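Shown next, in structure tokens, is the structure this report addresses.
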Amino acid sequence: MGKVNRREFFEQVLATKAEQTPTVQDKDAIYEQYANKELPRGLSKTTGTLNEYTGQWTDVEITHLLRRTMFGVKYEDVVALRTKTMAQAVDELLSPQMTPAPPVNNYNTSTYFDPTGVALDDTWVNAPYGDSTVNSKRRLSMTNWWIGRMIYQPERRITEKMTFFWHNHFATEYPVVAYAHMMYNHHMILRNNALGNFKTLVTAITKDPAMLRYLNGYLNTKTAPDENYARELLELFTLGKNYKPIYTEDDIKAAAKILTGWRYRTNNWTSYFNANLHETSNKQFSSFFNNKVITGKTGAAGEQETDELIDMIFGKFEVAKFIVRKLYRFFVYYDIDANTESNVIVPLATLLYSTGWEIKPVLNKLLKSEHFFDMLSRDCFIRTPIDYVVGTFRSFDIQLPSGWRSDDEYKVYNYLRYYMGLLGCEPNLPPNVAGWPAFYQEPDYYQKWINSTTMPRRMQFMDMMLGSGFSAGTGTAIKIDPMHLAKKFYSPGEPNLLIDFFVDLLLGLTLSKTAKDNYKVASLLTGQTQDYYWSNAWTAYVSNPNTSNTNIVKTRLVSLLTELTHLAEHNLC
Amino acid sequence: MKRRDFLKVSQAATLAYMINGTPVGAYARNPLLELLAKQTAANGRVLVMIQLNGGNDGLNTVIPLDRYSELSAARSNILIPQNKVLALNNTTTTGLHPAMTGIRDMYDNGLVNICQNVGYPDPNFSHFRATDIWMSGSDSNQYINTGWLGRHLDEEYPGFPTGYPNTTMPDPLAIQIGAGTTNLLQGADVNLGMSIASIDSFYNIINGVVDPAPNTPAGHELTFIRYIKQQTETYTKVIQQASWKANNVSTMWPTGNRLADELKIVSRLIAGGLKTPIYIVNLGGFDTHSQQTDATDTTVGNHADLLGNLSDAVAAFFDEAKLLKYDDRVAAMTFSEFGRRIKSNASGGTDHGTTAPVMVFSKYVNPGLIGTSPALPQNATVSDNLPLQVDYRTVYAAVLADWFQIDTKTMDKVLMKNYFVQPVFQKTNNVDETTVSGRDEILGQNYPNPFRRSTTVTFGSDGGMVTLQLFDVNGRLLQTPVNKQMDRGEHKVTLERGDLPPGVYFLRLTNGKNQSTKRMNVVD
């Protein structure tokens with residue numbers, strides 16, 4: 001009986017899912033003991049306004065901006081933004097993003113071929129449905145492609161984060177949407193409108209086949225209107241419900257009637273309005289909507305009622321505050337106190353409302369503000385699972401082997417998708433239509449990402465990536481090369497500067513000099529007391545990267561990076 | 001209307017895993033996985049490795065008095081005056097640095113074995129490479145990424161971390177005090193050690209607190225994460241529980257001595273009943289290229305301070321081991337990545353050298369010296385270095401074979417070659433859990449086990465003489481609870497603990513050709 005290769009065994013056991021563990025929050029006594037029982041009032045909070053920030057613009061501010069607007073910090077981005085002003089940096093982040101090439105067939109093997117004739121590495125988004133088998137493979141392909149775009153986005157843009165923001169907002173679950181083409185098209189609506197017009201976006205989503213499937217719109221019919229989408233449209237997508245006076249149940253019923261008749265086609269994945277299924281009475285709304293009546297229309301004109309419904313909803317200033325609050329929580333902090341409400345939320349909501357629902361000016365104002373750059377707004381955002389996993393790949397600049405085809409490439413993304421799920425956030429699989437609770441559930445919000453199941457898993461991920469990595473069936477270990485990152489720095493032979501470089505890149509908060517010195521001695525100097533031992537080792541490695549010299553620096557860098565990424569600070573941004 | 005319920009995301013089994021050597025998370029309750037967690041052969045013995053970082057100048061530590069004229073010629077600016085060298089019992093050839101009074105006393109009490117001129121062929125003079133060699137047990141031209149103790153633990157606890165902690169081994173396999181991950185404990189796939197980052201971290205753990213943070217949103221979230229991190233480390237609870245059971249009682253503990261502070265923690269954990277067999281502590285600063293001694297009085301200075309710290313800390317630790325009654329099962333060993341040059345330099349120091357002494361401390365050492373004073377040139381030059389007398393792997397072999405009582409085949413695997421077992425430790429009866437005869441279960445497991453006051457043993461007799469003996473972990477016969485003719489059939493006897501200290505014991509039943517041994521545990 002040979003010794004078990006522990007890593008293979010570990011991967012195997014995870015793959016067979018030996019045990020169903022309870023949902024991440026069930027019976028977690030440790031989490032219950034330490035998470036917020038109420039919103040953390042009594043902290044020193046910023047009183048900053050939306051006035052443009054005019055303070056210093058150093059690496060500290062640059063990394064703060066990048067941490068919040070992208071996934072993890074890439075050193076090249078820091079270097080690039082040093083040559084710009086703060087305003088130019090934000091402008092660049094808010095610029096349009098090149099549309100990425102669509103997902104491809106990553107699933108052909110030597111024995112399996114796409115039944116619609118799509119070749120490996122070619123896109124399937126314009127191909128016919130095929131059958132349920134290829135559709136299943138394409139669904140994974142779509143999510144995995146998305147993860148790949150998040151990691152390997154070629155430009156400095158906020159678009160990837162905003163696409164995810166909208167996905168969480170207009171949450172859909174892929175097993176219910178079911179059709180890969182619908183998933184992709186839905187995603188592209190979010191991506192293309194990410195920094196566009198919120199009202200346009202809501203209109204598009206209302207008529208989007210994926211949403212029609214997800215919230216039963218496609219079943220909504222005049223004989224028995226289905227209120228699912230109508231309710232969520234008001235409660236989750238536009239108005240929320242945490243205030244009085246509020247829309248009524250009758251408003252929901254009326255909206256449901258308006259929305260009857262929308263259907264989708266599976267030959268070309270478009271939606272259309274079927275007048276025969278439409279409920280044509282006049283729809284009376286409550287005093288919340290100024291007692292508006294939307295006149296029922298027969299025939300093709302019936303679909304205009306949907307636009308009128310949306311116009312009516314968007315007449316409410318509440319919609320502006322609702323979405324601005326959600327953006328604030330996504331980019332700054334979850335606790336909105338009275339100062340923030342009056343200094344930031346209301347003015348931004350006014351801006352949004354007055355521009356006719358343009359998102360970009362709102363983000364522009366917020367991200368350039370004193371409030372955003374205030375010291376007290378920094379380092380307090382608990383990184384999401386996506387940020388953690390994607391950020392690791394970006395910060396350490398993990399490259400995939402050149403010459404790989406998409407079958408291997410997407411296997412890597414697939415493993416990351418799985419791991420994000422282990423951390424509580426798999427893209428395209430939110431727990432329900434409300435999105436992930438971390439983004440909305442009072443009083444603990446983002447603390448929900450960190451519990452007795454997920455905290456160890458975060459650290460396990462770093463252990464794995466700093467150790468033997470994962471191969472996901474590609475035959476190549478994907479892992480961190482610590483020297484690759486160290487070499488980007490101008491002075492990796494100087495241990496104090498090198499530690500500063502890693503701390504600034506990887507940790508949301510900086511460390512004291514004492515702490516950094518301890519890590520230097522323990523990790524880079526392995527107990528020696530003179531800095532030159534590291535410098536000599538690095539010089540020897542650079543001039544002759546043979547096995548011995550490489551091992552010497554690698555083990556020390558891995559020891560240091562393990563320490564740093566296991567710190568609580570690594571989970572903040 | 002259809003609101004979706006929370007989708008129960010099916011998660012894979014949560015497996016105990018090492019995080020920077022800090023195991024975390026619950027382990028999968030899976031029979032298949034638990035089968036892998038082999039019953040450990042740990043016999044309750046503990047090893048404390050004391051790493052001296054920087055390369056200790058052996059010639060000024062364990063001083064070859066019979067080479068004094070050669071020493072005077074080579075290093076007069078740092079040489080210890082002959083009349084200040086501490087004399088050792090039963091030898092005139094060798095003495096200790098004057099700062100090491102504690103270790104001298106231990107030596108005279110039979111608790112110290114010193115191996116002289118320990119090293120390996122073709123030695124490396126670079127700190128990093130030499131440290132990696134000593135930790136991996138490799139030859140000078142081999143590049144091995146695992147540690148010898150890591151490989152030893154891989155053999156003793158196969159499959160770790162899968163299936164751990166479990167009822168047989170609920171505690172860390174090894175604890176390192178100090179940040180960073182030590183290669184010593186690096187196994188084939190994971191690092192098998194748990195790191196207690198600092199003295200402060202330890203006291204944070206046992207007090208259940210985290211470092212304070214500012215009263216800002218960042219501080220608030222940081223504190224929350226720190227608590228979750230601390231509380232989800234699997235071994236936090238067992239460390240706390242062990243710490244609460246024992247206090248530092250020796251009056252010999254020095255203050256302002258970091259090694260002593262680390263050994264105080266180790267002592268509490270051992271005395272508190274933690275089953276962890278390996279601890280690693282550290283003393284740095286031995287790279288004495290200059291000002292090794294005071295310019296006018298060579299008995300004091302940097303090296304003297306370090307050796308004094310070492311000596312005081314070790315002496316206090318073993319004093320406490322005796323007071324807390326675990327001295328029977330603890331051994332400590334120093335090691336350093338190399339010794340230093342025979343000839344001193346003009347800066348009042350010494351440069352990197354080759355061999356140096358290894359000191360082993362335990363009640364069960366063969367007290368005395370292994371090896372002889374090295375032959376030194378009459379007028380050493382800067383190119384001269386100490387000869388090799390003891391290959392360091394033979395000392396590791398002694399630890400594995402005679403301290404941890406590992407079988408030869410496994411030991412050769414761990415050390416990657418067969419090595420002579422240096423006679424550092426007394427050989428003791430290798431009592432272990434076995435059934436010699438073909439009869440199953442002539443001796444049952446005692447119940448309860450572990451036990452505090454008394455326990456009941458069920459055994460079988462085929463008729464004739466029945467002998468039941470009680471041994472300690474060192475194979476010493478303590479009691480013979482049963483020694484008489486007994487009828488064929490099943491019998492029971494109740495054993496009283498009396499004043500047996502907590503730990504591992506062995507019960508051996510002999511009845512004609514039948515013999516069976518079972519291990520049992522006494523706890524407080």
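Reminder, nothing fancy here: chain letters follow the sequence lines and each chain counts from 1. The structure displayed is predicted, hence computed values, not measured ones.
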Less than 4.5 Å to any heavy atom of chain B: does that hold for the side chain of [X], its backbone, both, or neither?
{"X": "A/Gln33", "value": "neither"}
{"X": "A/Leu561", "value": "neither"}
{"X": "A/Tyr334", "value": "side chain"}
{"X": "A/Ile450", "value": "both"}
{"X": "A/Leu376", "value": "both"}
{"X": "A/Ser548", "value": "both"}

message = If you apply the rule side-chain contact (heavy atoms from CB on, under 4.5 Å), what do you find for A/Tyr533 with B/Asp287, and how did you get there?
response = CA-CA 11 Å; A/Tyr533 284 120; B/Asp287 194 29; 2.3 Å; yes

Could you measure the distance from the [atom1] atom of [X] to the [atom2] atom of [Y]? Nearest 0.5 Å is fine.
{"X": "B/Thr232", "Y": "A/Arg458", "atom1": "OG1", "atom2": "CZ", "answer": "12.0 Å"}
{"X": "A/Thr529", "Y": "B/Phe286", "atom1": "OG1", "atom2": "CZ", "answer": "11.5 Å"}
{"X": "B/Gln230", "Y": "A/Met455", "atom1": "CD", "atom2": "CE", "answer": "12.0 Å"}
{"X": "B/Tyr143", "Y": "A/Thr547", "atom1": "OH", "atom2": "OG1", "answer": "7.0 Å"}
{"X": "A/Arg378", "Y": "B/Thr216", "atom1": "CZ", "atom2": "OG1", "answer": "12.0 Å"}

request  = Specify which of B/Thr131, B/Asn183, B/Leu222, B/Asn145 makes the most heavy-atom pairs with chain A at under 4.5 Å.
outcome  =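 Winner by heavy-atom pair count: B/Leu222.
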
inquiry  = Does A/Leu43 form a side-chain contact (heavy atoms from CB on, under 4.5 Å) with B/Asn215? I'd like the steps, not just the answer.
reply    = CA-CA 5 Å; A/Leu43 301 175; B/Asn215 189 36; 3.1 Å; yes

message = side-chain contact (heavy atoms from CB on, under 4.5 Å) for A/Gln528 and B/Glu337? Distances and angles first, verdict last.
response = CA-CA 11 Å; A/Gln528 304 308 322; B/Glu337 63 265 40; 2.8 Å; yes

Please say whether more than 12 non-hydrogen atoms of neighbouring residues, nucleotides or ligands are located less than 6.0 Å from [atom1] in [X].
{"X": "A/Lys554", "atom1": "NZ", "result": "no"}
{"X": "B/Gln142", "atom1": "CD", "result": "yes"}
{"X": "A/Lys37", "atom1": "NZ", "result": "yes"}

key: Modelled atom types, side-chain donor and acceptor of B/Glu221 and A/Tyr333, under 3.5 Å   =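 Yes - a donor-acceptor pair under 3.5 Å links their side chains.
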
request  = Check whether B/Asp132 gets within reach of chain A through its side chain, its backbone, both or neither, counting any heavy atom under 4.5 Å.
outcome  =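 The answer is the side chain of B/Asp132.
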
ask   = With A/Phe461, which residues qualify under ring pair (Phe, Tyr, Trp, His ring centres under 6.0 Å), at least two apart?
value =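 Counting only residues at least two positions away or on another chain, A/Phe461 forms a ring pair (Phe, Tyr, Trp, His ring centres under 6.0 Å) with A/Tyr419.
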
inquiry  = Within the structure provided, determine whether B/Phe224 and A/Ile382 are in side-chain contact (heavy-atom separation under 4.5 Å).
reply    =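 When only atoms from C-beta onward are counted, A/Ile382 and B/Phe224 do touch, with a gap below 4.5 Å.
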
key: Contact winner vs chain B - A/Thr46, A/Leu525, A/Val558, heavy-atom pairs under 4.5 Å   =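 It is A/Leu525.
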
message = Pair A/Asn36, B/His220 - check side-chain contact (heavy atoms from CB on, under 4.5 Å), show working.
response = CA-CA 10 Å; A/Asn36 288 343; B/His220 178 80; 2.7 Å; yes

Those residues that, when tested against A/Asn546, pass side-chain hydrogen bond (donor to acceptor under 3.5 Å, both in side chains) (two or more places apart) =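 A/Asn546: side-chain hydrogen bond (donor to acceptor under 3.5 Å, both in side chains) contacts with A/Asn549.
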
